[in-house]
Amino acid sequence: MVASSSPSLSVELNGLKLKNPIIAASGTFGYGLEYAPLGDLGKLGGIVTKGLSMWEEKGNPPPRICETPAGMLNSIGLDNIGIENFITEKLPQLIRYDTAFIVNIWGRETDDYIKAAERLDEAKGIAALEVNISCPNIKKGGITFGTDPSVTFKLVQAVRKRTALPLLVKLTPNVTDIILIARSAEDAGANALSLINTLLGMEIDVSTRRPSLANITGGLSGPAIRPVALQMVYQTAKKVNIPLVGVGGISSVADVIKFMLAGASAVQIGTANFFDPTICWRLVDELEEYLRNDNISDVNQLVGAMREE
Amino acid sequence: MVASSSPSLSVELNGLKLKNPIIAASGTFGYGLEYAPLGDLGKLGGIVTKGLSMWEEKGNPPPRICETPAGMLNSIGLDNIGIENFITEKLPQLIRYDTAFIVNIWGRETDDYIKAAERLDEAKGIAALEVNISCPNIKKGGITFGTDPSVTFKLVQAVRKRTALPLLVKLTPNVTDIILIARSAEDAGANALSLINTLLGMEIDVSTRRPSLANITGGLSGPAIRPVALQMVYQTAKKVNIPLVGVGGISSVADVIKFMLAGASAVQIGTANFFDPTICWRLVDELEEYLRNDNISDVNQLVGAMREE
Amino acid sequence: MGFQLLEKKIYHLSLSVQKQKSVAPGYWVLSLQSPQISSAAAPGQFVLLKIDKNFDPLLPRAMSIHSIIRADNYRIGFTILYKVVGKGTRLLSEKRSGESLAVLGPLGTGFKLSHIASGYEPIIVGGGIGIAPLLFLAQELMERSYTPTVFLGANSQEELLALDEFESLGFTPKVSTEDGSKGVKGMVTDLLGSYLEDSKGLQAEIFACGPAPMLEKAASLAKSYKLNSQLSLEQRMACGLGACLGCVVKIKNKNSGHSYQRVCTEGPVFNGEDIIW
Amino acid sequence: MGFQLLEKKIYHLSLSVQKQKSVAPGYWVLSLQSPQISSAAAPGQFVLLKIDKNFDPLLPRAMSIHSIIRADNYRIGFTILYKVVGKGTRLLSEKRSGESLAVLGPLGTGFKLSHIASGYEPIIVGGGIGIAPLLFLAQELMERSYTPTVFLGANSQEELLALDEFESLGFTPKVSTEDGSKGVKGMVTDLLGSYLEDSKGLQAEIFACGPAPMLEKAASLAKSYKLNSQLSLEQRMACGLGACLGCVVKIKNKNSGHSYQRVCTEGPVFNGEDIIW
Ligand SMILES: Cc1cc2nc3c(=O)[nH]c(=O)nc-3n(C[C@H](O)[C@H](O)[C@H](O)COP(=O)(O)OP(=O)(O)OC[C@H]3O[C@@H](n4cnc5c(N)ncnc54)[C@H](O)[C@@H]3O)c2cc1C
Ligand SMILES: Cc1cc2nc3c(=O)[nH]c(=O)nc-3n(C[C@H](O)[C@H](O)[C@H](O)COP(=O)(O)OP(=O)(O)OC[C@H]3O[C@@H](n4cnc5c(N)ncnc54)[C@H](O)[C@@H]3O)c2cc1C
Ligand SMILES: Cc1cc2nc3c(=O)[nH]c(=O)nc-3n(C[C@H](O)[C@H](O)[C@H](O)COP(=O)(O)O)c2cc1C
Ligand SMILES: Cc1cc2nc3c(=O)[nH]c(=O)nc-3n(C[C@H](O)[C@H](O)[C@H](O)COP(=O)(O)O)c2cc1C
Ligand code: FES
Ligand code: FES
């Protein structure tokens, strides 16, 4: 009973079509071009850019990263070239790759998000926006947007009005009840939700008695947080009606499948790009192979298919 | 400049005196006796019992545990022999060890906590109570107590009134703002705070498509969560005036020192007991050695001594 | 009685690998030198091995004591027989002489032998990697002057573990393989069933280890023939000491209902009739 | 210009260890075979090594290309010279021939050599493990028919790395050790200072790698003598490709203020006068 044709890998996130569910996560794949020497970007389901703002942002002083058990901390501080530079310098190079470019945006005020959405709405070659309401590395804005349901609602609604692009809203795990935030984003018109961003964390260098990051605290990512992300995807999938994109510690095709079984329609690969820089490409192949071996004709059959009885 | 006398290891948690800051964490050291074959319990700073309730509790069906990257999930479900059995069967054996026995208590209703506190207040040989308002593995009560500041306040206040024993309150990390909960517990009369309990997490077995735990979700512990715990200790230490006990992923003397530098007056060792069963004893020696080598006469000098400038 | 636990001898030692030998594709025997653990060990007990010093894999792995290594009649070490099934066992199989492992043991309550009277025939039943603890058991029974009947089953001849060792102890195991490549084709419990049927009224006790369906079948055979059975179970473990309550299985209560008992403490060996499958 | 990145040849390969040799207590030279990486590599560039397949340690480690291995004039591989400082380098030192590592490279912008004119004297200054990338640089300069003056410093004679290799290339490095066990007692930058003082007006460019205080001193010496300096910096890394923005250092802007530049992309080699210490 071998499947006669290739399994279908394409997924649709409520208005955003992807050729496969493997997306490179924001902040871990640069603007895409950084990884171009390693493979054909056009093979990937999608690429989310580093978080962009209306202005050029310097970011936090170094050291900005530090390794932790099965994870890492970062306090990049949303260092980015600004949306204008992105549109003029990066986008023209990106559009020759047949993949979905998703622009991750952030701001300090609602207005920053609105302007970003308006500006990007005009640009050609962008598949969707990912609204980052969850970065733990900026002191003002950012994190607060994603921890209060009504603030989330208002922000997403405001952005929704300014762009016809599909909106992914990226949620923070640093909340008591992620479902409240997820529902607010859904009600405000998000097409899909990406979860999770990094967990707040910190590390100290005992020999110097100083924090390992100049910014003192940072965001924890990598395999260490995978169980937290998987749990949040699972819980949220049961309570919202829009597709979810699972992010957090994914580093193998088994992990991809776990997130889909828990209810994610697609996944993002973050920290794993650092310790396994060709992983995104390999996952596309391995996912296809898995489906073929298990005689699954369509990857969407995995979504939410965990057995609970 | 070698210190002439041994460094002082003793710490005082606002009414609870410990001979050293190394405490075995609740649920990972049984009722203490389980680890007695491996070393002299009297050498440890303290031992926290498995979470006890007024009744015998069966706990959750197996499988109850599962390994994750640099961590583990558990959904023991607060399986315990009940406070009455603890007092009659365990306590008489424990009291011959010269260490601080701290009884971890939980309930489904405020009244369960009150009864537990009253009953244990009468018993001899107990150094303190640790009020667990943070277990993610019971469906009712437990977790909800620790996620709402006013509920925390009322519960801790009620318990406070029923016992003269020092009260540690154990906080959950699964909240938007742990400081709010910490302050509520402080205001309600907690002597000290233990943070953190486990993070909510889950794992799926791809080959069976089933959750790895029968209870589906569980609590994540171990080195993976250490950066999260350290960050919460650091943030909370700046905002409360009672001592903190750091818990979460500690597995080396360097980790102990990190938590003390971040503001903890003592630490608890949990998951590390499983993969390094004599660690608690070794940490006492290694901490003393560290202080001696660094010419620190009193371990309390480490508390909050992280350099930030 | 309450002090029983405290009298238990449990060691936490760094032991260096004496020998690592592949005994079949994917199956290895590892020899560790430890007079303490081997002297304290009883059949059916196990050890926890921390395979790597680092955090991956994090938890130790449970392995039954397969045999005792002796020199001049002193117990100087023990072996484990294991199958590579995942990350931990794969890393374990890469350890070579001289590399060291942190070992905790001996752990658990092994097979109960004190009540075995001379009229009884001990029947040993092992399936697949479940054969591991049974060699030590057979040795011990022999030392106590019992002659167990031994049944061994596996997928194929290749995976019939420790057959040579049983034979060199003087046993003639009754053998089955699922592919028929050695002994009777079929399940080892089929063999056991025919044996029990042929020797009705036998005063015997069954000691078994193997995959859950095999054990369940052994328990039900024991019940049909009114025999006692002692079965060695597996469950994921963290502490191995009875502290974490992670390794429980469902066990019938004396009167009614069930309780959860710890494979690492009350077990790994349980009475077949008490287990709720 | 925008397409420059895409033309970069960067390989992600599983390479097996050809040789691992201890060159001083705690210092090792590891040889890896890779025609691709060695052919694409320029002095000052580095590779990222994923030392273990598992999650501990998680991130890859940056190591400069120390020398190119040739056979019949083809580049067939490269070496790295490293010091054991923590978990990753300790595990690396335990790798033996035949074991494999995932390697990403060559990475970064190495030493700029195109503008070096024949009147210029290249001055190479290495301190401690900072000597690692400078042998490859010396080789390359020689191939381009420049004869650099080489300064090497270390704590002690034992830790004077690659001195033999420099000598066998025909150099006579000026040497200092902090304990005086070889060469002049003191810092290598003291040696450099006297040299520059003695040869005032020299048309030269300084190429240095070593601990931060040494580099800062080299930069300030260069400035005093109005020489250009190229310094190789270190910073913790994750991606090595310019994507994560984790590895930045503070660099003066042309006009005023500063920006953060990536050690893995704009660096590891920066102009001494641009660095904000
Ligand atoms: C009391 C006892 C005695 C055992 N004796 C032996 C023996 O003599 N020889 C032998 O080959 N195996 C034995 N096992 C099973 C052995 O512990 C597992 O095969 C091993 O832990 C698998 O580890 P892994 O990393 O290769 O597999 P993984 O599947 O990667 O392990 C993942 C996690 O699941 C746990 N796990 C996986 N399989 C089992 C299992 N069957 N039982 C318990 N935990 C498991 C692991 O310990 C680990 O925590 C015994 C188990 C128990 C409980
Ligand atoms: C471009 C570049 C080239 C290098 N070339 C060499 C070389 O040729 N030989 C050599 O011995 N060392 C070199 N280093 C330093 C080397 O990367 C570190 O010594 C190594 O990463 C330490 O890893 P560890 O696990 O042993 O130490 P740990 O301290 O346990 O590492 C913890 C974390 O900090 C990072 N880290 C620690 N020290 C450094 C450092 N000095 N620079 C950057 N990250 C660090 C590690 O990569 C890891 O992520 C270079 C560094 C860079 C940035
Ligand atoms: C270095 C780094 C930078 C990141 N930058 C961003 C960002 O700019 N915007 C964003 O929404 N998430 C950012 N993230 C979060 C990731 O996209 C992802 O949500 C998180 O790391 C968890 O996934 P992982 O465990 O696979 O890395 C960043 C993560 C890392 C490690
Ligand atoms: C198996 C297991 C059982 C636990 N049981 C309890 C409990 O009964 N009461 C409680 O307050 N915490 C319990 N905990 C939480 C630990 O005490 C500790 O807070 C947590 O595991 C984080 O520390 P660690 O990473 O050092 O394990 C348990 C943890 C584990 C792993
Ligand atoms: S493994 Fe911890 S109680 Fe059995
Ligand atoms: S290491 Fe990622 S940008 Fe340099």
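Put simply, of B:T278, B:T28, B:T68, the one with the most heavy-atom pairs under 4.5 Å next to chain C is B:T278. Residue with the most contacts toward chain C among B:P223, B:G222, B:P69: B:P223 (heavy-atom pairs, distance under 4.5 Å). Per-residue heavy-atom pair counts under 4.5 Å with chain B were compared for C:A238, C:C247, C:S259, and the maximum is reached by C:A238. Contact count against chain B (heavy-atom pairs under 4.5 Å) is highest for C:A243 among C:C244, C:P60, C:A243.
In terms of modelled atom types and a separation under 3.5 Å, the side chain of C:Q235 and the main chain of C:V249 share no donor-acceptor contact.
Proximity to chain C (any heavy atom under 4.5 Å) is shown, for B:S212, by both the backbone and the side chain. For C:A102, no part lies near chain B; criterion is any non-hydrogen pair under 4.5 Å. Contacts of B:K50 with chain C are made by side-chain atoms alone, with heavy-atom separations under 4.5 Å and no backbone atom involved. Residue contact with chain C, scored on non-hydrogen atoms closer than 4.5 Å, involves the backbone and the side chain of B:D79 alike. In this structure, the portion of C:L104 lying under 4.5 Å from any heavy atom of chain B is its side chain and not its backbone.
With C:F46 as the aromatic partner, C:R61 does not meet the cation-pi criteria of under 6.0 angstrom to the ring centre and within 45 degrees of the ring axis.
Considering only heavy atoms from C-beta on, C:R236 comes within 4.5 Å of B:C66 through its side chain. Looking only at side-chain heavy atoms (C-beta outward), B:T198 and B:N174 stay at 4.5 Å or farther from each other.
Ring orientation note: the planes of B:W55 and B:W106 are nearly perpendicular, at an angle over 60° on the 30°/60° scale. Classification of the B:W281-B:Y35 ring pair by plane angle, with boundaries at 30° and 60°, yields tilted.
Residue B:L52 holds its CG atom at 8.0 Å from OG of B:S26, rounded to the nearest 0.5 Å.
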